[in-house]
Amino acid sequence: MRRLLLCALCAIGCLAATSQTNFRAITYKQALEASKAEGKPVFIDFYTSWCGPCKMMARDVFPQQKVGEYFNQNFVCIKLNAEKEGKEQAAKFKVTAYPTFKVISADEQEIFTLVGGNTDADAFISDVKTGVNPELSADRAAERYAGGDRSAELVAAYAAQLMKEAQANRRSIDQAKVDRAQQVVDDYFASLTATQRLDADNNFIYGYNYCNNPKDAKARFLIDNLGQMTAERRTDAEQTLRTLFLYRTGTLLQGLAEFDQTDVDILKQDIPALGYNKGEEKAYDATFRILAAQAQTDRSKYLSQLEKDFRLLNSSQKASVVGNFAQALGQTDDATVQRADKWLRSCLPDLDAASIYYAAGSLMQFEKQLNKQ
């Protein structure tokens, strides 16, 4: 179920940043020359024009200031279309899935490979840091943590590795490792002073992998202390909070979390107070009306609210609704299922490819019930 929500989060638009990842407009050969001259390895983003996760990374992750700062400082960054100018290099490095990220040396030796995008910018940075630094490898990170190392870099790498291992099997998440990662981050948060909690190096503790409920102590601290941050740090924090709010409303819209009115009340308080209910984010008004209807036992009222307000949602919120729609609707009579089936089909032309894929799963469930005789 978690991947449905990650699909929805792919639609999150990032805030404007003063520094973003500098993918240089140079050839592969020129990148190798720059790598040698600057003493930095080459970071290659292998993409295709039709790859949805590639577009998500380009739109939502690489423009973020913290991402740009890390990659610009440590790599010569280039993009290669694996079906055009980068076709030869894609074959050379055996790239078969997109996006694929490669870190190579000036003499074309592979240092690290990462396949697939990640909507969590902090986790993406941590994955790359871990891959290029042997001291942050899975075994070494666990060893250092057990030995008492509690540096921000080490804790971020260790927790991220636990989450990666927990989600290695897409069919069955290892909840024990998820809980372990959560405990590692919570213990680290508790050990920090208020000043340390505001340090940019510790922004990872507020990522939605470890802080996915506005009632979480970490979320409350971040919200309560926005005014104490520099403008640069606040940009990162507000991006994190926007992701948190979309994540939590997404879990509720999909029916992946038990409905809790206090959750909704807190969201309805925080979002306007932080000024996040303007422009496209005004769609939260429709989100809250849909959630109120979804919580009722009368499914016809839920469908009526969707018919009225679905078009007002942003792309991420729409993806959340359709991503698990049959389960959110629940067991109901054939007439209601037929109405839900008709409504969902009417939405398909306005959905992105990933949302259509998940909507198809609900349509198949509806058809199975309607054709059971």
Residues passing the side chain to side chain contact (heavy atoms under 4.5 Å, CB included) test with Ala328, sequence neighbours excluded, are Gln294, Tyr302
Residue set satisfying side chain to side chain contact (heavy atoms under 4.5 Å, CB included) with Asp224, at least two apart, ordered chain then number -> Arg220
Does the ring center of [X] lie less than 6.0 Å from the ring center of [Y]?
X      : Y      : value
Tyr188 : Tyr210 : no
Trp343 : Phe325 : yes
Phe43  : Phe101 : yes

| request: Please step through side-chain contact (heavy atoms from CB on, under 4.5 Å) for the pair Met57 and Asp45, ending with a clear verdict. | output: CA-CA 10 Å; Met57 293 296 294; Asp45 175 0; 5.5 Å; no
Taking [Y]'s backbone N and O only, do any of them form a donor-acceptor pair with [X]'s side chain (distance below 3.5 Å, no angle check)?
X      : Y      : value
Arg140 : Pro134 : no
Gln30  : Thr27  : yes
Ser355 : Leu351 : no
Gln369 : Gln365 : no
Asn324 : Gln254 : yes
Ser105 : Gln109 : yes
Asp120 : Ala123 : yes

Atom CG of Asp139: over 12 foreign heavy atoms under 6.0 Å: no
Sorted by chain and residue number, the ring pair (Phe, Tyr, Trp, His ring centres under 6.0 Å) partners of Tyr158 (sequence neighbours excluded) come out as Tyr145
Quiz prompt | Geometric cation-pi criterion, Arg197 with Phe189: 6.0 Å, 45° | solution = yes
Check: Is it true that the NZ or CZ of Lys129 lies under 6.0 Å from the centre of Tyr70's six-membered ring and within 45 degrees of the ring axis?
Finding: yes
* To do: Taking the side chain as every heavy atom from C-beta outward, state whether Glu165 and Asp174 have any pair of such atoms under 4.5 Å apart.
  => no
Excluding Tyr28, membership of its hydrophobic cluster (Ile, Leu, Val, Met, Phe, Trp, Tyr; side-chain heavy atoms within less than 4.5 Å) reads Ile26, Leu32, Val42, Ile44, Phe46, Trp50, Val76, Ile78, Leu80, Phe93, Val95, Tyr98, Ile104
- prompt: Between Gln317 and Thr287, does any side-chain donor sit less than 3.5 Å from a side-chain acceptor?
  reply: yes
| message | If only side-chain N and O atoms count, and only distance matters, is there a donor-acceptor pair under 3.5 Å linking Gln261 with Asp265? | response | yes
Show the atom names and distances, to 0.1 Å, of all donor-acceptor pairs under 3.5 Å that link a side chain in residues 34-41 to residues at least two apart or in another chain.
{"unit_1": "Ser35", "atom_1": "OG", "unit_2": "Lys40", "atom_2": "O", "d": "2.4"}
{"unit_1": "Glu38", "atom_1": "OE1", "unit_2": "Arg24", "atom_2": "NH2", "d": "2.9"}
{"unit_1": "Glu38", "atom_1": "OE2", "unit_2": "Arg24", "atom_2": "NH1", "d": "2.7"}
{"unit_1": "Lys40", "atom_1": "NZ", "unit_2": "Asn72", "atom_2": "O", "d": "3.0"}

Output for pair (Lys102 NZ, Glu110 CD), nearest 0.5 Å, gives 3.5 Å
Cys51 meets the disulfide bond (SG atoms under 2.5 Å apart) criterion, sequence neighbours left out, with Cys54
